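The next block holds one structure in the form of structure tokens; read it before the comments.
Computed from a prediction, not measured in an experiment: that's the story for all the values here. Start at 1 and go down the list; that is how both ligands and their atoms are numbered. Note that the numbering runs from 1 along the sequence shown for the chain.
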Amino acid sequence: MTLAALWYPTDKCFIDGRWQPPANGKTLPLENPSTGQVIGQIARGSKDDIDAAVAAATAARTGDWGHLPAFERGRLLGHMGRLVLSHVDQLAEIEATDVGKPLKQARADVLALARYLEFYGGAADKIMGETIPYLNGYTVYTLREPHGVTGHIIPWNYPMQIIGRSVGAALAMGNACVLKPAEEACLTALAFAAIADEAGFPRGAINVVPGLGTEAGAALSEHSGVQHISFTGSVPVGGLIQTAAARNVVPVTLELGGKSPQLVFEDADLDAALPYLVNAGIQNAGQTCSASSRLLVHRSIHDQLLDRLAARYRALRVGPAMSDLDLGPLISANQKSIVAGYLAKGRDLECAAKGEISQSAPTGGHYIAPTLLAGVAPDHTLARDEIFGPVQVVIPFDDEEQAIAIANGTDFGLVASIWTNSGARQMRAAKAIRAGQIFINNYGAGGGVELPFGGIGKSGHGREKGFEALYGFSTLKTIAALHN
Ligand code: NAP
Ligand code: MG
């Protein structure tokens, strides 16, 4: 794929309905992680471009976009969803090239983006307020209103899905959006702007400013013209975003990853569990906020399950995104060195199995073999830190109480799954585990546009996805009329 073949410019910002070079004229190199080669340049947007984008979004709120009735916003989102589906192969190829994810994963991400647009398009005119019984002589009701201008700082791991869930919900509620995609992966954010334009979104409703987090990202999170910020990414940057937003006293939604466990009890259906146990850890080469990186296994089935997990690991193949194997490369040399650093810290652990890097993998790509580690104590660094690579640790437990204590023993709380056929244990464990999402006898890393998603603890706060996100992207006004 060459950037010149794309139907939209990749080295510009999209501001106020127009493709514009960044004000400073600067660009950043764009790397294909499967080869390590630079394949083009993207805009290095800065504070000036963010100022222009926030001004355009502010004007859109009182202009054509702000005047659209809810059902017309929904219709535009639905139309955009259909356009995304009409570009499915091309978008999948763009995302696979930019992020390094296997083509089938990239395709699943495009379909998820279309589903978000359909879901939030359908919901746009179904958010209603309440009438509230109050004192005699009063009529009281509530209105759900948009925040105004919303900022969206997007990571590189699932650009399309994360844009779909946050920007889709924000637009449905009538906000005007400014997106800062990740420097490492901004091509589908720009495609999103191009498709929104084609769908007929009024100017200023959607603005995209690529660039560095420390420049464009910081300018967006500090901007006094932004009324809500949605961020997905690392814990330290999440803290910076929240601090910046606090100075302007605006709400933030933070989704900061996790160390999500799967608890496998002695009565679990192991045949059903096996594919989920592994896939939840290696999907997108483990670069998934809701990846399941800890497998907690009852000691009575530990050895037989470890053998079966190891066999699956040995069959995993890693290679360039376009060869569509089980795993692609990591996003960058930097991410690969972070993961390699963790593996070095795990040298004392038992390496139960590794997958294989294909001979077709170019030497410049950022490949790492998926690794299954056993004999891991729950307080080991590799059992506590988010590695964000294809590494899973297996931790044995002796009883339910201990399993739950281990599950709750990290700073995170994003997702967990419980594998057992005991109904009572399913209910008990689901209540006892601290996480934003619990799956019983399945695991849904990233799946389910309808399901509210978000964390507790260092996994962040606020909920995206599902109907719940629409409440987060709006504010409630109470109107009390005295009429006697
Ligand atoms: P990151 O630094 O948190 O980046 C996420 C987004 O925030 C990117 O768009 C980034 O821009 C932007 N950003 C960075 N610094 C910023 C700042 N000071 N102000 C405003 N925005 C800023 O994540 P990363 O460096 O790409 O990855 C590092 C680690 O973060 C990973 O190893 C993983 O543990 C975690 N992570 C988690 C998720 C998740 O889904 N929860 C996603 C990605 C990463 P630029 O990248 O363009 O600088
Ligand atoms: Mg890239």
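- Residue Q287 places every heavy atom at 4.0 Å or more from ligand 1.
- Considering only non-hydrogen protein atoms, atom 20 (C) of ligand 1 sits nearest to G217 C, 3.2 Å.
- The aromatic ring centres of H228 and F473 sit less than 6.0 Å apart.
- When non-hydrogen atoms are compared, ligand 1 lies under 4.0 Å from the backbone of L256 (N, CA, C, O) but not from its side chain.
- Under a 4.0 Å N-O distance rule, the pair R107/D89 qualifies as a salt bridge.
- Across the listed options E215, Q335, K180, K180 owns the non-hydrogen atom lying nearest to atom 11 (O) of ligand 1.
- Between R317 and D326 no salt bridge is recorded (no basic side-chain N to carboxylate O distance below 4.0 Å).
- In terms of protein heavy atoms, atom 43 (C) of ligand 1 is closest to P155 CB, 3.5 Å.
- Contact analysis puts G211 in contact with ligand 1, with a non-hydrogen atom separation below 4.0 angstrom.
- Using a 4.0 Å cut-off between charged nitrogen and carboxylate oxygen, E386 and K259 do not count as a salt-bridge pair.
- In terms of polar-atom proximity, I162 is not counted as a contact of ligand 1, lacking any N or O under 3.5 Å from an N or O of the ligand.
- Comparing heavy-atom distances from atom 46 (O) of ligand 1 across E184, E386, E222, E255 singles out E184 as nearest.
- Side-chain atoms of Q262 and S292 form a donor-acceptor pair, as typed in the model, at a separation below 3.5 Å.
- Of the N and O atoms on the side chains of R247 and S224, not one donor lies less than 3.5 Å from an acceptor on the other residue.
- Between the side chains of N248 and H223, no donor-acceptor pair of N or O atoms lies under 3.5 Å.
- In terms of protein heavy-atom proximity, atom 39 (C) of ligand 1 is closest to C289 CB, 3.4 Å.
- Figure legend: cation-pi geometry between K101 and Y158, with NZ or CZ positioned under 6.0 Å from the six-membered ring centre and within 45° of its axis.
- The proximity of T288 to ligand 1, defined as any non-hydrogen pair under 4.0 Å, does not occur for either the backbone or the side chain.
- Annotation: atom 12 (C) of ligand 1 to nearest protein heavy atom, I153 CG2, 3.7 Å.
- Checked for salt-bridge contact, E215 and R44 meet the test: a charged N lies under 4.0 Å from a carboxylate O.
- For ligand 1, the polar-atom distance check finds an N/O of N157 within less than 3.5 Å of one of the ligand's N/O atoms.
- Salt bridge annotation for E468-R463: absent, with no cationic side-chain nitrogen under 4.0 angstrom from a carboxylate oxygen.
- When S234, G258, G45 are checked for heavy-atom proximity to atom 30 (O) of ligand 1, S234 turns out nearest.
- Atom 5 (C) of ligand 1 has its nearest heavy-atom neighbour, among F231, Y342, W156, in F231.
- Checked by atom type, the side-chain pair Q161/D109 shows a donor-acceptor distance below 3.5 Å.
- The protein reaches atom 48 (O) of ligand 1 closely, with a heavy atom under 4.0 angstrom from it.
- Side-chain contact check for H366 and N334: no donor-acceptor pair (N or O, by modelled atom type) lies under 3.5 Å.
- Closest protein heavy atom to atom 31 (C) of ligand 1: F388 CD2, 3.7 Å.
- The option from S332, G213, G286, G389 that lies nearest to atom 21 (N) of ligand 1, judged by heavy atoms, is G213.
- What sits closest to atom 18 (N) of ligand 1 on the protein, heavy atoms only, is L240 CD1, 3.7 Å.
- Taking the six-membered ring for Trp and the full ring otherwise, Y443 and W419 have centroids separated by 6.0 Å or more.
- Nearest protein heavy-atom contact of atom 8 (C) of ligand 1 is I154 O, 3.6 Å.
- The protein heavy atom nearest to atom 2 (O) of ligand 1 is V237 CG2, 3.5 Å.
- Those atoms of ligand 1 with a heavy atom of G257 less than 4.0 angstrom away are 41 (N).
- Between E183 and ligand 1, a contact under 3.5 Å exists for at least one N or O pair.
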